[in-house]
S.K.: 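I have a structure I would like to understand better, so I am pasting it below and will then ask my questions one at a time.
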Amino acid sequence: MVQAIVFLPLLGAILAGLIALFGAHARNPSGDTVEHHDDAHGHGDAHASATHDDHGHDDHAHDDHGPAEPPAAGSRGAELVTTALLFVSAALSWMTLVDVGFMHHDIRIQLMPWIFSGDLQVWWTLRVDTLTAVMLVVVTTVSSLVHLYSIGYMDEDPNRPRFFGYLSLFTFAMLMLVTADNLVQLFFGWEGVGLASYLLIGFWYQKPTANAAAIKAFVVNRVGDFGFALGIFAIFYLTSSTDFETIFHAAPSLTGKTIDFLGWHADALTLTCLLLFMGAMGKSAQFLLHTWLPDAMEGPTPVSALIHAATMVTAGVFMVARLSPLFELAPNAQAVVMFFGATTAFFAATIGLVQNDIKRIVAYSTCSQLGYMFVAMGAGAYSVGMFHLFTHAFFKALLFLGSGSVIYAMHHEQDIRNMGGLWKKIPYTYAVMVIGTLALTGFPLTAGYFSKDAIIEAAYASHNPFATYGFLMTVIAAGLTSFYSWRLIFKTFHGEAHDEQHYEAAHEAPIWMLIPIGVLAVGSIFAGFPFKELFAGHGIEEFFRESVKMNPHIIEEMHHIPESIALLPTVMMVLGFLVSYLFYIRRPYLPVELANTQPMLYKFLLNKWYFDELYDLIFVRPAKWIGYQLWKKGDGFIIDGLGPDGVSARVLDITRNVVKIQTGYLYHYAFAMLIGAAGLITWFMFGFGGQ
């Protein structure tokens, strides 16, 4: 059953790839380049999609659907095959969760030997314990719904088989990651989702912005993955193994050991965990390595839902939970995890306050919520972090796909300033978006209420050095999250319509798109309470067993915090809603006045704390300058100057001039011989005479 869960998406990816290959050949059998033209809807030109705000910044405010071409042959077949296989995989995943989580039948299947070199012995093994089973459910459920949604959303795109092939490949790589039994196999899946996300973000490769965003995501993740690889090397150096069971068994004996790292005698476990967490920072878009995440919105909306809701960005959280036996023995590393998680939760929420692109608002929300998950990891409440990962997958996928439905209705408009009054036109989408927003902001009895509040309680009860900081940042972020989430709802669905033409033409999306968001809306309400005891109550030890190493006291202390502390997140949620209602419904002139009275702060947040500009100054420009100097000075002046343009060019010049001496006239040769003879006699006279 586990093999089917993992390899069915790969089968779908291969079939879709073959259909895309043969379809492209059928569409253009000569192999000549097809010239792309924009269709009547204006799809295809990235430049046409950019609108400028008052401050001269580009908001890529349209979700372009690429060039107008005839669809590839077999497009519908590729869609249906990949989607059907994903739904089978999702159904099997839920059965596996029941079998593993409740029946306690952990699964370990050795598929084949992979790498055998000295001490490095890696088997290709599928490991399914409760932690993996939870991730299997999250990944396959969201991915299958995204596949179904994409049938409607991508209906105008000629390259649908390629798109569905990428989606299924992405899902397979993520499933390889979560079923890994060793760090090498986990790294394979880790890099696989990186590759697939690059392909998906840059799917509309005719758009320069999409190409730039894909490259940015790839490069920023390489920074994190460099740390992750070093962490894996360090573990192998310390334990002579990459197998999880061996590592966890050896972990207690590593306490107190040091590693000589660049002349610095660092605590072995602390350094190793920090290097591993560096990988999680890149993949899960934590503070400093977050800059790729908002740009990833250049991909199609279903891609945003898949990458940001349940799969790629949660890989870092899963990895820290999987390696919890190591992190529990490295309290300094846990402190760093909590610091970065809390900082990200606050930092991303502040940027979300002023963004105008509907998808970017939800993207910064994802960034912030991932910060919450890492706060739980830093507190030692790994199951609580996984609880939020589980619930977040439903309501964040709902918000992304709901945003896609809005974009579809508004003819690919993404700027919320150009929307308004849409609740009358698309009431179903409005209803599910409100449900998603209630869950995200932590409205009582929704899924987010149970998981998010549990994280804040865990931060308060934790003995981590940054516990107070983590608690304060997450509470403040709860208020900010409520404000910008309701701002999105009010500006999009309420008030006056700002674009009459698109407003009049607005209509609900096809049934392919409405069914998945309806299912996710149900999950956003009911994924919380039924699972509360399993993830954040007294049923943790029986449910998770050995799959995560929990701090033994944290859950007990969470249940004994003051009532006022437990109510604080809900109070912040209500405050955020009231301020947002005042700003965008009661007195809509207030935000403009506030922005005018605080222009520095407004620009600071609008420009995302100037991180892109800062990195451009510190890294991009120096790298370009070095590259330019190596090209012009190193390659052009020195190598070409001494080589093709230097010695060899001079040899050619000399030979060309020597050729001119060969005139064919006898007196020229006689004169040359006379000069030679005179020179020879002179040399003999003075040369030998001197001796």
S.K.: I need the Ile476 CD1 to Phe471 CZ distance, nearest 0.5 Å.
M.R.: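 Taking CD1 in Ile476 and CZ in Phe471, the distance rounds to 10.0 Å.
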S.K.: Would you say the ring centers of Phe531 and Phe387 fall short of 6.0 Å from each other?
M.R.: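 Ring centres of Phe387 and Phe531 not closer than 6.0 Å.
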S.K.: Side chains of Pro302 and Phe163: closer than 4.5 Å at any heavy-atom pair?
M.R.: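 Answer yes - side chains close enough.
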S.K.: Ring centroid separation for Phe347 and Phe611, is it under 6.0 angstrom?
M.R.: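 They qualify: ring centres under 6.0 Å apart.
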S.K.: Yes or no on salt bridge (charged side-chain N to carboxylate O under 4.0 Å, His left out) for Lys624 and Asp616, after CA distance, side-chain angles and deciding distance?
M.R.: CA-CA 10 Å; Lys624 281 186 175 178; Asp616 186 62; 5.7 Å; no
S.K.: With salt bridge (charged side-chain N to carboxylate O under 4.0 Å, His left out) as the criterion, how do Lys608 and Asp295 come out once you've worked through the C-alpha distance, each side chain's angles and the decisive distance to 0.1 Å?
M.R.: CA-CA 12 Å; Lys608 304 162 291 211; Asp295 288 39; 5.2 Å; no
S.K.: Do Tyr382 and Leu131 have side chains that get closer than 4.5 Å, going by heavy atoms?
M.R.: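 A side-chain contact is absent here, since even the closest heavy-atom pair is not under 4.5 Å.
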S.K.: Say whether Trp123 and Asp181, considering side chains only, have a donor N or O and an acceptor N or O under 3.5 Å apart.
M.R.: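 Asp181 and Trp123 do not have a side-chain donor-acceptor pair below 3.5 Å.
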S.K.: Between Phe340 and Phe374, is the gap from one ring center to the other below 6.0 Å?
M.R.: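 Phe340 vs Phe374: aromatic centres not under 6.0 Å.
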S.K.: Within the structure provided, determine whether Gln355 and Tyr484 are in side-chain contact (heavy-atom separation under 4.5 Å).
M.R.: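 With C-beta onward as the side chain, the pair stays apart.
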S.K.: Is Arg360 close enough and on-axis enough to Tyr364, meaning under 6.0 Å and within 45°, for cation-pi?
M.R.: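 So Arg360 doesn't make the cation-pi contact.
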S.K.: Less than 4.5 Å apart, any side-chain heavy atom of Leu86 and any of Leu167?
M.R.: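 Leu86 does not reach Leu167 side chain to side chain.
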S.K.: Under a 3.5 Å threshold, yes or no: a donor from one side chain and an acceptor from the other, between Tyr469 and Thr343?
M.R.: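 Yes, side-chain donor-acceptor contact under 3.5 Å.
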